[in-house]
Colleague: 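Here it is, the structure, as structure tokens.
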Protein chains: 2
Amino acid sequence: MQPAVLRPGFSDPPVQSAHDRVYRGLRLQVMHGELLPGTALTLRGIGKSFDVSMTPAREAVRRLTAEGALTMSASGRVATPELSNERIEELASIRALLEPELASRALRRAHLALIGRMESINEANARAVHRQDAVDYIRTNLEFHRTLYLRAQSPAMLGLLETVWLQLGPTMRALYARLRRTAAPPHHRLILEALRAGDDAALRLALRTDVTQGLRHLAVYPGEARA
Amino acid sequence: MQPAVLRPGFSDPPVQSAHDRVYRGLRLQVMHGELLPGTALTLRGIGKSFDVSMTPAREAVRRLTAEGALTMSASGRVATPELSNERIEELASIRALLEPELASRALRRAHLALIGRMESINEANARAVHRQDAVDYIRTNLEFHRTLYLRAQSPAMLGLLETVWLQLGPTMRALYARLRRTAAPPHHRLILEALRAGDDAALRLALRTDVTQGLRHLAVYPGEARA
DNA sequence: CATGCGCAAATGTGATCACAAAACGCGCCG
DNA sequence: CGGCGCGTTTTGTGATCACATTTGCGCATG
């Protein structure tokens, strides 16, 4: 609303612009599954919740729509995407294409500290499962994967993958609500073992199955099929 | 400028919004290599050239920046991307990952009419080479590939690939100016033959080599290395 | 009770403006 | 002759406003 004097002295975060704050905030909400598929958003509402005018809200939405994190109806209404089964399977196969490649590239540069960090994230993930905390489950699961892929030193490929995660965010949340998972993701241990062994083929396979297993059951049941 | 009464009766193109016109226009310019790497753009300039105010220009730029078609400096200056060698190679390997997959998916649905259309596009491509027309060369080359991939019925994967093409647009143009290609792309014939033969492995290989051959020489020479 | 009409509220779009920061150029000084 | 500083211009940002469209709800009607 008001000019919002952006903390004159401080510079810890390099003073991000208003639309960037909105962008990052919405992006995390979508990626972590805080919003269910089909959730409607309004520019004025977004602006109000981030305490900015419509202008930065519109830019953030435009950006997120370009990444597939949000959809816009013909009349400009904004909502989180409701994916068809075909689309879900397609996005899963893109993950199955990109993630083994990223993991393989990371393998050469992986060191023990990295594996240790992944194990600790995996434990947090298991706790989220036990706590039945869908958002935290998704968040730690993605963090587990991203921690590995960051080592691949392939920013463009990782960026592409993140847009895929973004598109799947609300749907992943909906899935979690459906299957009430009781056990931790079973393939993370295989990933860690392959990493320790330096086994490229096993690592690729572990990721492919982790990704497709997690999403194969995402498909909506026939009765609730969506356009 | 003025309210622009959007052709009351006509509906051939479903009356696109102003920012969409700007978006599409800029997108084509970038993807087809009409702008060299590092070309600076201004919101007011874009607005003027499309006869709209800054607002739709900003939204179009935001969208294109999200797709990697444009870059924004910390101060918000907009320009076409100047890719590092590492980035070029990474984007090439992404193409090498996605395009054989799309081609393989298209193979099952390919029919003779499709191959015929691709041959005719390929001839236009050869004419562009003979004419030394860089933009038309890039345009017909992408059209050749896209015509095939459309048959894959994998909109998400194709969308991802198009953002990669978008990022490479200006660089492809710069390359063309450097190597003064005299012969048509050599692997298109292999692609067509594999399609006719229904040979999946040969098709994948033909695409992988077409994509990497075309881009392997894109790397900037040491003397002109970029950050 | 279901259905359709119509009005009021809500919403996205684009133009315009004020402002701060950055970029640029010109002239001064060493 | 080269580098530096200062003022002008350019440029992006965000707020606000008017407007057209759409949405949604309530009421009247069959």
Side-chain angles (χ1 to χ4, degrees), chain A residues 1-11 13-26 35 38-66 69-82, chain B residues 1-11 13-26 35 38-67 69-82 227:
Chain A
M1 296 307 196
Q2 61 269 43
V5 61
L6 287 169
R7 302 191 308 163
F10 286 70
S11 63
V15 194
Q16 50 195 347
S17 57
H19 101 262
D20 218 49
R21 255 186 328 115
V22 179
Y23 167 75
R24 277 197 244 275
L26 282 179
L35 278 43
T39 304
L41 300 175
T42 66
L43 296 183
R44 287 172 176 85
I46 293 168
K48 187 155 298 187
S49 75
F50 286 90
D51 197 52
V52 295
S53 81
M54 298 172 56
T55 313
R58 236 197 307 183
E59 295 188 37
V61 163
R62 210 52 96 179
R63 210 168 146 188
L64 288 164
T65 301
L70 298 174
T71 62
M72 286 185 64
S73 75
S75 68
R77 272 356 201 260
V78 183
T80 51
E82 306 188 59
Chain B
M1 293 311 197
Q2 62 269 45
V5 62
L6 288 169
R7 302 191 306 163
F10 286 72
S11 63
V15 195
Q16 49 195 349
S17 59
H19 101 262
D20 218 48
R21 256 187 326 115
V22 178
Y23 168 76
R24 278 197 242 277
L26 281 178
L35 278 44
T39 303
L41 300 174
T42 66
L43 297 183
R44 287 172 176 86
I46 293 168
K48 187 153 298 186
S49 75
F50 285 90
D51 198 52
V52 295
S53 81
M54 296 172 58
T55 313
R58 237 197 305 184
E59 296 188 36
V61 163
R62 207 56 93 179
R63 210 169 148 187
L64 289 163
T65 301
E67 299 181 87
L70 298 174
T71 62
M72 285 185 64
S73 75
S75 67
R77 280 343 208 270
V78 183
T80 51
E82 307 187 59

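The chains referred to below are lettered A, B, ... by the order of the sequence lines, with proteins before strands, and numbering in each begins at 1.
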Colleague: To check you understand the geometry: which heavy-atom pair defines the closest contact between A:Gly47 and A:Ala57, and what is its length?
Modeller: N-CB, 4.0 Å

Colleague: Please report the distance, rounded to the nearest Å, between NZ in B:Lys48 and C1' in C:dG14.
Modeller: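 So the NZ-C1' distance, B:Lys48 to C:dG14, works out to 17 Å.
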
Colleague: Any non-hydrogen side-chain atom of A:Val22 less than 4.5 Å from a side-chain atom of A:Val52?
Modeller: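 A side-chain contact exists here, since the closest heavy-atom pair is under 4.5 Å.
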
Colleague: Find the distance between CZ (B:Arg77) and OG1 (B:Thr71) and round it off to the nearest 0.5 Å.
Modeller: 12.5 Å

Colleague: At 4.0 Å (heavy atoms only), tell me whether B:Ile46 reaches a base, stays on the sugar-phosphate, or touches nothing.
Modeller: nothing

Colleague: Given atom CG of A:Leu70 and atom P of C:dG12, what is their separation to the nearest angstrom?
Modeller: 12 Å

Colleague: Within residues 55-62 of chain B, find the residues that approach DNA chain C with a heavy atom at under 4.0 Å, and present them sorted by residue number.
Modeller: B:Thr55, B:Pro56

Colleague: Looking at A:Leu64 and A:Tyr23, what are the two nearest heavy atoms and their distance?
Modeller: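 That closest heavy-atom pairing would be CD2-CE1, 3.5 Å.
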
Colleague: Take atom CD of B:Gln16 and atom C1' of C:dT13, then tell me their distance rounded to the nearest Å.
Modeller: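 It is 15 Å, rounded to the nearest whole Å.
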
Colleague: Work out which heavy atom in A:Ala66 is nearest to a heavy atom in B:Ala66; give both atom names and the distance.
Modeller: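 Minimum heavy-atom contact is CB-CB, 4.0 Å.
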
Colleague: Can you tell me which nucleotide in C:dT11, D:dG12, C:dG14 comes closest to the side chain of A:Arg44?
Modeller: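 It is C:dT11.
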
Colleague: Quick one: closest heavy-atom pair of B:Pro81 and B:Ala69, and the distance?
Modeller: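 Of all heavy-atom pairs spanning B:Pro81 and B:Ala69, the closest is CD-O, 3.3 Å.
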
Colleague: Please state how far atom CE in A:Met54 lies from atom P in D:dA18, giving the value in whole angstrom units.
Modeller: 14 Å

Colleague: Between atom CG in A:Leu43 and atom P in D:dA20, what is the gap in whole Å?
Modeller: 19 Å

Colleague: Do B:Thr80 and B:Leu70 pass the side-chain contact (heavy atoms from CB on, under 4.5 Å) test, and can you show the C-alpha distance, the side-chain angles, and the key distance before you say yes or no?
Modeller: CA-CA 5 Å; B:Thr80 51; B:Leu70 298 174; 4.0 Å; yes

Colleague: With a 4.5 Å heavy-atom cut-off, do A:Leu41 and A:Val61 have their side chains touching?
Modeller: no

Colleague: C:dT13 C1' sits how many Å from B:Arg21 CZ, rounded?
Modeller: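 In whole Å, C:dT13 C1' lies 13 Å from B:Arg21 CZ.
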
Colleague: So if I take the C1' atoms of five pairs at each end of the helix from C:dC1-D:dG30 to C:dG30-D:dC1 and get each local axis, what angle do the two axes make, rounded to 10 degrees?
Modeller: 20°

Colleague: Evaluate the criterion side-chain contact (heavy atoms from CB on, under 4.5 Å) for residue pair B:Met72 and B:Arg62; output intermediate values, then yes/no.
Modeller: CA-CA 9 Å; B:Met72 285 185 64; B:Arg62 207 56 93 179; 3.4 Å; yes

Colleague: Can you sort out which residues in residues 71-80 of chain B have a heavy atom within less than 4.0 Å of DNA chain D? Ascending by number, please.
Modeller: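 Residues of residues 71-80 of chain B that come under 4.0 Å of DNA chain D are, in numerical order, B:Met72, B:Ser75, B:Gly76, B:Arg77.
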
Colleague: To the nearest 0.5 Å, what is the distance between CZ (A:Arg58) and CZ (A:Arg44)?
Modeller: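 Atom-to-atom, A:Arg58:CZ and A:Arg44:CZ are 9.5 Å apart.
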
Colleague: Please step through side-chain contact (heavy atoms from CB on, under 4.5 Å) for the pair A:Arg63 and A:Asp20, ending with a clear verdict.
Modeller: CA-CA 10 Å; A:Arg63 210 168 146 188; A:Asp20 218 49; 3.0 Å; yes

